[in-house]
Amino acid sequence: MNLFVYGVVSLNHKDNPFISRHSQLLSSEAWVRGVLYDTGLGFPALTSGEDKVSGKLLAMGDVAFETVSELASNFNRMNPPYRFELKSVQVFTGAVTYEASAYMYATGHGLTRIESGIWL
């Protein structure tokens, strides 16, 4: 499965052995159309929209995907009523466009928009 990552996983995917051993970096300069928000809890959230949101594209095996899914579930418990949901996205990586999935919020209402589209 191809997964677009843009926050904690994007910054730390090499440091997590469950992700690094079971995924392949397809592009370190990937981006999607959407809007990036700061949740105020140490991780961002992506919603649909027209901004350019930067991240990485990973091809994930089952173990890596399960690790990221568990992380998303933990974040969901930290920030009700917001919930990450797995959605299909088009990922741009220069000359190549990929179909992938991304964990996204349905809305960013009440959250702080990150105008740059980059989580640091």
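All heavy atoms count here, side chains included; hydrogens, waters and symmetry mates do not. Small disclaimer: the values here were computed from a predicted structure and weren't measured.
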Item checked: Chi angles and distances behind the side-chain contact (heavy atoms from CB on, under 4.5 Å) call for Tyr82, Tyr37 -> CA-CA 12 Å; Tyr82 301 103; Tyr37 292 93; over 6 Å; no

Are any of the side-chain heavy atoms of Thr39 and Met78 separated by less than 4.5 Å? no

To the nearest 0.5 Å, atom CD of Glu99 lies from atom CD of Gln90 at 5.0 Å

CZ (Arg113) and CG (Asp38) are apart, to the nearest 0.5 Å, by 13.5 Å

On a heavy-atom basis, the closest approach of Met104 and Lys87 is SD-CB, 3.7 Å

Next on the checklist: Are the side chains of Leu111 and Tyr105 in contact, using a 4.5 Å heavy-atom criterion?
Outcome noted: yes

To the nearest 0.5 Å, atom CD1 of Ile118 lies from atom NZ of Lys52 at 8.0 Å

Check the pair His22, Thr67 against side-chain contact (heavy atoms from CB on, under 4.5 Å), reporting the backbone distance first and the verdict last. CA-CA 10 Å; His22 302 281; Thr67 301; over 6 Å; no

Please tell me if the side chains of Val68 and Ile19 come closer than 4.5 Å, counting only heavy atoms from C-beta onward. yes

Do Leu86 and Leu3 come within less than 4.5 Å of each other through their side chains, counting heavy atoms only?
yes

inquiry  = When you compare the side chain of Tyr103 with that of Ser69, does any pair of heavy atoms fall below 4.5 Å?
reply    = yes

Q) Applying the 4.5 Å side-chain criterion to the ILVMFWY set and letting contacts propagate, would Phe4 and Leu71 be lumped into a single cluster? A) yes

| message | Applying a strict under-4.5 Å side-chain criterion to I, L, V, M, F, W and Y, I'd like to know whether Val5 and Leu26 cluster together. | response | yes

Between Gly7 and Pro44 the two heavy atoms that sit nearest each other are CA-CG, 3.6 Å

dist Met60:CE -> Gln24:CD (nearest 0.5 Å) comes out at 12.0 Å

For Leu58 and Leu25, run side-chain contact (heavy atoms from CB on, under 4.5 Å): C-alpha distance rounded to whole Å, both residues' side-chain angles, the deciding distance at 0.1 Å, then the answer. CA-CA 5 Å; Leu58 300 174; Leu25 179 64; 3.7 Å; yes

Test side-chain contact (heavy atoms from CB on, under 4.5 Å), reference Tyr98, set Asn2, Val32, Val89, output is Asn2

Rounded to the nearest 0.5 Å, the CZ atom of Arg33 sits from the OG atom of Ser48 at a distance of 13.0 Å

I want to know whether Trp119 and Tyr6 have ring centres closer than 6.0 Å. no

**Prompt:** Under 4.5 Å between side-chain heavy atoms, hopping through other hydrophobics if needed: is there a path connecting Trp31 to Ile114?
**Reply:** no

Closest non-hydrogen contact found for Gly108 with Thr47 is N-CG2, 3.6 Å

Tell me if a side-chain donor or acceptor on Asp51 pairs with a main-chain N or O of Val35 at a distance below 3.5 Å. no

